[in-house]
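Report on one structure; see the data block that follows.
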Amino acid sequence: MQTGLRGRDLIGDLDFSKEEVDTVLDVAWDLKMKRALGLPHANLRDKVLAMLFFFSSTRTRGSFEAGMAQLGGHAAFIESRTTQISHGDTETEMGEIFGRYFDGIAIRHVDWGIGNRYLNLVADASRVPVLNMQCEIYHPHQCLADIMTIIEKKGRNLRRKKMVVSWAYASSYLKPMSVPQSLILQMPRFGMDVVLAHPPEFQLMPDIMDQAREQARKFNTGFEVVHDMQEACEDADVIYAKSWGPLMTTHDPAEGKILQDKYKDWIANDALMAKGKDDVIYMHPLPADRDIEVTSAVLDGPHSVVFDQAENRLHAQKGVMALTMS
Ligand code: CP
């Protein structure tokens, strides 16, 4: 067991080794059980986490804030537009100054070509851990909750289990690609055979694809890309179908919508779920475009684990915070 995580940042999914992720999960399950039993677990008494948001959130904000309180500390919710960042506070200044006030700095910044760089520059200047609450490349805390949920549903031996990470149609906005990218990086380390399905215009970042193939080689798992959602889901153990924008092709919302609208039939519905194994699970990080991206019958149906998945955000993040900020 690798426990030397005190002071470490978590920005990209591979920042923690597989053994370190295993440690996070073990701590997360321990803290989950303690909360269930009403046992005290104030591992971060008197510690304060800054939560700096450049983009809206329901689950991420709620789970980090509740998690810090349950660990005996406090979380400060800071919306970027209420700060002096637009008036000149630089990344270095934010890292230096917040690093002196707080015991950890969590940031959500999903702007294309800006968010991940922002997190890394703050981390370079900060004396305390920087935790990624989602950037345009990664959503590592979502992915930790996802693997925690998959293990709870499918057991610890996931070798040869088939995980489908599929694009799905949405009409609301061009969603970030950080969730599928985190999934294809992390899941091979747990032995799962990953099938990535998307229409041709919805590729992920080439560098992330290379890293995912490398993880699959290293952990001797399958990694396949297909352009047919139905074909991808044959015999699946896990179907993780969600939308992302055609961001390698365009950032123009109107152009993106035209591309998205070509694929309205990419929806997670009962017929799609029937292609999976009998005990297939449906996953989505939420929020979803209900009855557009996924039908209500699937989202609220017997295969869906989305509420357990959302709950595990709390426990997984408590594991990370307890290990990095103690
Ligand atoms: N899954 C997720 O990150 O949810 P929020 O955007 O509501 O935080």
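In listed order, ligands and their atoms are each counted from 1. Atoms considered below: every heavy atom in the structure, side chains included; atoms not considered: hydrogens, waters and symmetry mates.
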Q) Less than 4.0 Å between a side-chain N and a carboxylate O, is that true for K32 and E152? A) yes
**Q.** Over 12 foreign heavy atoms within 6.0 Å of NZ, K218
**A.** no
(Q) Angle between ring planes, H284 versus Y282, binned at 30° and 60°: parallel, tilted or perpendicular? (A) tilted
(Q) Between R100 and E96 (salt bridge meaning N to carboxylate O under 4.0 Å), is one present in this structure? (A) yes
Q | Atoms of ligand 1, numbered as shown, that sit under 4.0 Å from any heavy atom of R313 | A | 1 (N), 2 (C), 3 (O)
Q: Could you tell me whether H139 approaches ligand 1 through its side chain, its backbone, both or neither, with non-hydrogen atoms closer than 4.0 Å?
A: side chain
Q.
Show me which atoms of ligand 1 lie under 4.0 Å from any heavy atom of L286.
A. 1 (N), 2 (C), 4 (O)
Q) P285 heavy atoms, cut-off 4.0 Å: which ligand 1 atoms fall inside? A) 1 (N)
Q) Linking I/L/V/M/F/W/Y whenever any side-chain heavy atoms sit under 4.5 Å apart, do Y101 and I107 land together? A) yes
**Q.** Short side-chain donor-acceptor distance under 3.5 Å, S172 and D289
**A.** yes
Q) Are any of the N or O atoms of R108 closer than 3.5 Å to those of ligand 1? A) yes
**Q.** Option with minimal heavy-atom separation from atom 7 (O) of ligand 1, where the choices are V179, T58, T60
**A.** T58
Q.
Give me the residue, atom name and distance of the protein heavy atom closest to atom 4 (O) of ligand 1.
A. R59 NE, 2.9 Å
Q: May I ask you to establish whether K18 and F190 are in a cation-pi arrangement, using a distance under 6.0 Å from NZ or CZ to the six-membered ring centre and at most 45° from the ring axis?
A: yes
**Q.** Contact check, Q134 vs ligand 1, heavy-atom distance below 4.0 Å
**A.** no
Q. Counting heavy atoms only, which part of R61 comes closer than 4.0 Å to ligand 1: side chain, backbone, both or neither?
A. neither
